[in-house]
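Quick note: numbers below take in every heavy atom, side chains included, and nothing from hydrogens, waters or symmetry partners. Just so it is clear, the structure is predicted and the values come from calculations on it, not from any experiment.
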Amino acid sequence: MFQKTQFCVGIDNKPGMLAKLCHDLRSVDVNIEALCISEDTDCVWVNIVATPADRATVALEGKGYRFLTENVLTLEVANKPGELERIATTLAEASVNISYIYGAGASGAACELVLSVDDATRACEVLGADPLERTESV
């Protein structure tokens, strides 16, 4: 489990805007590790776990993007029925609220989840990870 920085970037909902965002990050060697897109009436919100986070911040600021950052947890889990239930139950029993969760990819026996929780330290404790040893790009 890792604590990472997620960027919530607002872009116009029109052709080419996601491609431009991806280009602007790639041009400064920022890797997109996870991505989730949603829309509202005003724009498209692109949640990106990107590394290195400091370089992503400079690139987004330099190109004039509207964005917020948030610390999220990334967790590799078995790609099998019941894993999300196990995680959600464990966190609920520890009174850790999950704001949202999305999958960051699956390959064979494992997949990676991105979690936004109200208490990352407690989540790491109950899920069996040391939050200080496993922090990247925060």
Scanning both residues in full, the closest heavy-atom pair of Gln3 with Cys124 reads NE2-SG, 4.4 Å
Shortest non-hydrogen contact from Lys4 to Thr74? CE-OG1, 3.7 Å
From CA spacing to verdict: side chain to side chain contact (heavy atoms under 4.5 Å, CB included), Val9, Arg66: CA-CA 6 Å; Val9 185; Arg66 299 173 293 157; over 6 Å; no
For Glu70, check side chain to side chain contact (heavy atoms under 4.5 Å, CB included) against everything at least two apart and list the hits. Gln6, Val72, Tyr100, Ser116
What's the spacing between Leu84 CG and Leu75 CG if we round to 0.5 Å? 10.0 Å
If every non-hydrogen atom of Tyr102 is compared with every non-hydrogen atom of Val49, which pair is closest and at what distance? OH-CG2, 3.9 Å
Please round to the nearest 0.5 Å and tell me the distance separating atom CG of Asn47 and atom SG of Cys8. 4.5 Å
Run the side-chain donor-acceptor check on residues 87-99: report pairs under 3.5 Å with partners two or more places apart or on a different chain.
residue, atom, partner, partner atom, Å
Thr89, OG1, Glu85, O, 2.8
Thr90, OG1, Arg86, O, 2.8

Partners passing side chain to side chain contact (heavy atoms under 4.5 Å, CB included) against Ile37 (at least two apart in sequence or in another chain): Leu18, Leu35, Val44, Val46
Closest contact, heavy atoms only, Ala50 versus Ala56: CB-CB, 4.2 Å
Across all chains, not counting sequence neighbours, the side chain to side chain contact (heavy atoms under 4.5 Å, CB included) partners of Asp40 are Asp42, Cys43, Trp45
Taking it one step at a time, do Leu73 and Val114 satisfy side chain to side chain contact (heavy atoms under 4.5 Å, CB included)? CA-CA 6 Å; Leu73 301 177; Val114 178; over 6 Å; no
Does either side chain, that of Glu39 or that of Asn13, offer a donor lying less than 3.5 Å from an acceptor on the other one? yes
Let me check something: any side-chain donor-acceptor pairs from residues 22-29 under 3.5 Å, sequence neighbours excluded? List them with distances.
residue, atom, partner, partner atom, Å
His23, ND1, Arg26, NH2, 3.1
Asp24, OD2, Lys20, NZ, 2.8
Asp24, OD2, Tyr65, OH, 2.7
Ser27, OG, His23, O, 3.3
Ser27, OG, Asp24, O, 3.0

Euclidean distance, Leu21 CG relative to Phe67 CZ, rounded to 0.5 Å: 11.0 Å
Can you name the salt bridge (charged side-chain N to carboxylate O under 4.0 Å, His left out) partners of Arg122, sequence neighbours left out? Glu125
Drop me the distance from Leu115's CG to Leu127's CG, to the nearest 0.5 angstrom. 8.0 Å
dist Ile48:CD1 -> Glu33:CD (nearest 0.5 Å) comes out at 11.5 Å
